[in-house]
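Naming convention: chains lettered A, B, ... in sequence-line order (proteins, then strands); numbering from 1 in each chain. Any value given below was found using the heavy atoms of this structure, including those in side chains, with hydrogens, waters and symmetry copies removed.
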Protein chains: 2
Amino acid sequence: MRDELWLGLRVVPLEKAERADAAANRKRILRAAERLFAERGVDGVNMVDIARAARVGQGTLYRRFPSKGALCLALLDEQMRAFQNTVLDTLNAMAQDNAPWLERLQWFLDALIRFNAMHIPLLRAAQHGVERPEQFTNSAPFSWERMTVIGLLREAMRRGEISPSCDARLIGDLLLAPMHPEVFYFLHYTSGYTLEQLSAALRASVSALSRA
Amino acid sequence: MRDELWLGLRVVPLEKAERADAAANRKRILRAAERLFAERGVDGVNMVDIARAARVGQGTLYRRFPSKGALCLALLDEQMRAFQNTVLDTLNAMAQDNAPWLERLQWFLDALIRFNAMHIPLLRAAQHGVERPEQFTNSAPFSWERMTVIGLLREAMRRGEISPSCDARLIGDLLLAPMHPEVFYFLHYTSGYTLEQLSAALRASVSALSRA
DNA sequence: GCGTAAAATGGACATGTATCCGTTTAAAAG
DNA sequence: CTTTTAAACGGATACATGTCCATTTTACGC
């Protein structure tokens, strides 16, 4: 687990110690869920199945992960960590080249579209499965996306690439609106836009910011 | 019920006859749900409560409305009809004044934001309560919003207000992304943007289209 | 090693959604 | 008015999520 600062955000909060058996169970649950989800799809697996496959009782499962959505979020978090590393590498490389901040933002949104497309079932289950919507929007994966976009926008503002009167937070949240699981599902699967079309549209939105 | 054409879309599909008792039960169910939702909130009411309050069995309730989400959609549809009438009146008035199509679009998005804000609990329950996401996105209320936005964009394109190389459908869907219930909830309640901020941001997005 | 407090465990249980199916009723034809 | 049949009815039931709590296990100070 990385515990670093980036753009002013602490990416990974420190955690309290976890008893050895508890940690082992956590891992077994995550691996069992991963396997079952791959075999039967997220919706084809219930919490009892996961508990049985992980050799723990339901009470234990729910102690580790208070809802199916939370379990999905934990799996997503694992996937997101790998993604974060490659993203940071590329953004650092772009920083070497002194690429415009808006260009870095465009690349990041592009990468995010591909990540979303890969993990759409898990993302939807996570959003659907938590009881309060804040549990999803405050989760580590979502917060990180959001803070990265807003951070890049703020830098673009400081460098004069976009007007200083803009509200970076609001613009960032609007750019991310199409990434919300249900919206993304609608755009890509129901409405049928390709990932390339969506990328191009978001690139255009970002470009429009500099002409405002 | 209106059965008219507008911008090429048949707003209300014709329905088959419904037996008298069935129609009466449908009305009783809708009125009971409306009352209970107002009293205890959508999440504080379950389907058994609604069946009892409407004096019908659960089987009857589920025959009329195959899920809680479908019931919410039916209630939304009623609300949306009234909204549609006022919207069409205003758009007609703007047509008299020969207002630019993008200006009409901005007004429509504005109105939509206010409608969403008024009906957020029902909208979220509708989206959450249907089993397949298409049932929400294909529903009459959502389709009408979408077709209206896309229709206005197409007219703006024909009149040269925006580039003819634009994809009106894609742009329309992206403009509507912040209106999806979960996204709107996040923007307004979790993130705290006022309706005025959201209106202004969407207006700016529309304005940016003409400068592209 | 041993005792103890705190944490973890697991299965029975509560709650809510949605289905099944035997029974009843509406409405159209003779 | 009677017959007929498709539709509507309603409550028992299935199924999933999430909670509770009596019991077991761990880790730590002695």
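Using a 4.0 Å heavy-atom cutoff across all strands shown, Arg26(B) reaches no nucleic acid atom at all.
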In dot-bracket notation, what is the pairing pattern of DNA chain D, taking Watson-Crick (N1-N3 plus N6-O4 or O6-N4) and G-U wobble (N1-O2 and O6-N3) contacts under 3.5 Å, with [ ] crossing and | for other strands? ||||||||||||||||||||||||||||||

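The NZ atom of Lys68(A) sits 15 Å away from the P atom of dT19(D) (whole-angstrom rounding). In this structure, CZ of Arg52(A) is placed 12 Å from C1' of dG11(C), rounded to the nearest angstrom. Distance Glu131(A) CD to dT15(C) P: 18 Å, rounded to the nearest Å. The separation between Phe65(B) atom CZ and dA8(D) atom C1' is 14 Å, rounded to whole Å. Rounded to whole Å, the distance from CD on Gln135(A) to C1' on dG18(D) is 13 Å. Rounded to whole angstrom, the span from the CZ atom of Arg132(B) across to the C1' atom of dA18(C) amounts to 17 Å. Leu61(A) has its CG atom 10 Å from the P atom of dT17(D), to the nearest Å. In this structure, the CD1 atom of Ile50(A) is 16 Å from the C1' atom of dG10(C), given to the nearest Å.
Taking only side-chain atoms of Tyr62(B), from C-beta outward, the nucleotide of dT17(C), dA8(D), dT19(D) with the closest atom is dT17(C).
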With side chain to side chain donor-acceptor pair (under 3.5 Å) as the criterion, how do Arg28(A) and Thr60(A) come out once you've worked through the C-alpha distance, each side chain's angles and the decisive distance to 0.1 Å? CA-CA 12 Å; Arg28(A) 283 223 310 287; Thr60(A) 303; over 6 Å; no

Criterion side chain to side chain donor-acceptor pair (under 3.5 Å) on Tyr193(B) and Asp173(A), from CA distance to verdict: CA-CA 10 Å; Tyr193(B) 303 113; Asp173(A) 282 332; 2.5 Å; yes

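By the 30° and 60° cut-offs, the orientation of the rings of His180(A) relative to Phe186(B) is tilted.
Looking at Gln197(B), its side chain does come within 3.5 Å of a backbone N or O of Thr194(B) through a donor-acceptor pair.
Phosphate proximity of dA8(D) to Arg64(B): present, with a side-chain N or O under 4.0 Å from OP1 or OP2.
In this structure, CG in Leu102(A) is found 7.0 Å from CG in Leu153(A), a value given to the nearest 0.5 Å.
Using a 4.0 Å cut-off between a side-chain N of Lys or Arg and a carboxylate O of Asp or Glu, Glu34(A) and Arg31(A) qualify as a salt bridge. In this structure, Arg158(B) pairs ionically with Glu155(B), as a charged nitrogen and a carboxylate oxygen lie closer than 4.0 Å.
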Show which side-chain atoms of residues 107-117 of chain A pair as donor or acceptor with protein atoms under 3.5 Å away, not counting sequence neighbours.
| from | atom 1 | to | atom 2 | distance (Å) |
| --- | --- | --- | --- | --- |
| Asp110(A) | OD1 | Ser199(A) | OG | 2.9 |
| Asp110(A) | OD2 | Arg114(A) | NH1 | 3.2 |
| Asn116(A) | ND2 | Met179(A) | O | 2.7 |

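Pairs passing the salt bridge (Lys or Arg N to Asp or Glu O under 4.0 Å) check and including a residue from residues 43-63 of chain A, sequence neighbours excluded, read Arg40(A)-Asp49(A), Asp49(A)-Arg52(A).
Nearest heavy atoms, Pro178(B) versus Leu202(B): CG-CD2, 4.4 Å.
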A correct 5'-to-3' footprint of nucleotides 10-15 of chain D, with B, S and - meaning base, sugar-phosphate only and no protein heavy atom under 4.0 Å, is BBB---

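Among residues two or more places apart in sequence or in another chain, the ring-ring contact (aromatic ring centres under 6.0 Å, His included) test is passed with Tyr185(B) by Tyr189(B).
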If you restrict it to nitrogen or oxygen atoms, what contacts under 3.5 Å exist between nucleotides 25-28 of chain C and the protein, and what is each distance?
| from | atom 1 | to | atom 2 | distance (Å) |
| --- | --- | --- | --- | --- |
| dA26(C) | O4' | Arg19(B) | NH2 | 3.3 |
| dA27(C) | OP1 | Ala20(B) | N | 3.0 |

